[in-house]
Amino acid sequence: QVQLVESGGGSVQPGGSLRLSCTASGGIFSGYVVNWYRQTPGNQRDWVALIYSDGTTNYADSLKGRFTISRDNAKNTVYLQMNGLKFEDTAVYYCNAASPLRNFWGRGTQVTVSS
């Protein structure tokens with residue numbers, strides 16, 4: 001079965017940048033639509049961005065211009081570049097790989113934006 005592992009989270013000051021990675025094992029990653037989500041305690045898990053197999057991308061309206069999703073199929077990895085980080089971006093970030101029949105989640109990586 002496919003397993004997803006997120007990495008690259010950490011603490012950053014407002015206005016700073018981080019690049020998150022989601023690496024897959026146990027399956028063929030290139031055929032999946034991959035999403036990033038984020039969640040804070042007590043709240044729903046909110047959609048952040050997605051990337052299709054052909055590289056087409058979509059973003060949550062509030063994040064357009066600050067976040068960029070990309071993929072490197074040879075490395076079985078999807079990235080989320082986050083620029084101009086704000087306090088409200090603090091959350092656990094999760095990657096999700098979706099196909100017509102299967103849906104996989106990683107365990108998340110913490111991003112904390114504070115001064």
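Throughout, residue positions are numbered sequentially from 1 according to the sequence presented.
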Taking all heavy atoms of [X] and all of [Y], pick out the closest pair and write down the distance.
{"X": "Glu6", "Y": "Arg107", "answer": "OE1-N, 3.1 Å"}
{"X": "Ala91", "Y": "Thr40", "answer": "CB-CG2, 3.8 Å"}
{"X": "Pro14", "Y": "Ser114", "answer": "CD-O, 3.4 Å"}
{"X": "Ala49", "Y": "Leu80", "answer": "CB-CD1, 4.5 Å"}
{"X": "Tyr59", "Y": "Thr68", "answer": "OH-CA, 3.3 Å"}
{"X": "Leu20", "Y": "Gly9", "answer": "CD2-N, 3.6 Å"}

With rounding to the nearest 0.5 angstrom, report the [atom1] to [atom2] distance, [X] to [Y].
{"X": "Lys64", "Y": "Asn58", "atom1": "NZ", "atom2": "CG", "value": "7.0 Å"}
{"X": "Asn76", "Y": "Ser21", "atom1": "CG", "atom2": "OG", "value": "12.5 Å"}
{"X": "Cys22", "Y": "Asn35", "atom1": "SG", "atom2": "CG", "value": "10.0 Å"}

Parallel, tilted or perpendicular: ring planes of Trp105 versus Tyr94, cut at 30 and 60 degrees
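Answer is perpendicular, since the angle exceeds 60°.
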Below 30° counts as parallel, above 60° as perpendicular, anything between as tilted: where do the rings of Tyr32 and Phe104 land?
perpendicular
[X] side chain near [Y] side chain, heavy-atom distance below 4.5 Å:
{"X": "Arg38", "Y": "Thr90", "result": "no"}
{"X": "Trp36", "Y": "Ile51", "result": "no"}
{"X": "Met82", "Y": "Val111", "result": "yes"}
{"X": "Leu63", "Y": "Asp89", "result": "yes"}
{"X": "Tyr37", "Y": "Val92", "result": "no"}
{"X": "Val2", "Y": "Arg102", "result": "no"}

Working for side-chain contact (heavy atoms from CB on, under 4.5 Å), residues Asp46 and Gln44
CA-CA 6 Å; Asp46 294 325; Gln44 67 180 359; 3.0 Å; yes
Shared hydrophobic cluster, Leu50 / Leu4 (ILVMFWY, side-chain heavy atoms < 4.5 Å):
no
Are Tyr52 and Trp47 grouped together when hydrophobic residues (ILVMFWY) are joined by side-chain heavy atoms under 4.5 angstrom apart?
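Both belong to a single hydrophobic cluster.
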Before giving the answer on side-chain contact (heavy atoms from CB on, under 4.5 Å), spell out for Phe67 and Thr57 the whole-Å C-alpha distance, their side-chain angles and the decisive distance to 0.1 Å.
CA-CA 11 Å; Phe67 287 17; Thr57 60; over 6 Å; no
Taking atom types as modelled and ignoring hydrogens, do the side chains of Thr77 and Thr23 form a donor-acceptor contact shorter than 3.5 angstrom?
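Indeed, the side chains of Thr77 and Thr23 share at least one donor-acceptor pair under 3.5 Å.
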Around atom CD of Gln13, are there more than 12 heavy atoms of other residues, nucleotides or ligands at under 6.0 Å?
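Not buried by this count: 12 neighbours or fewer within 6.0 Å.
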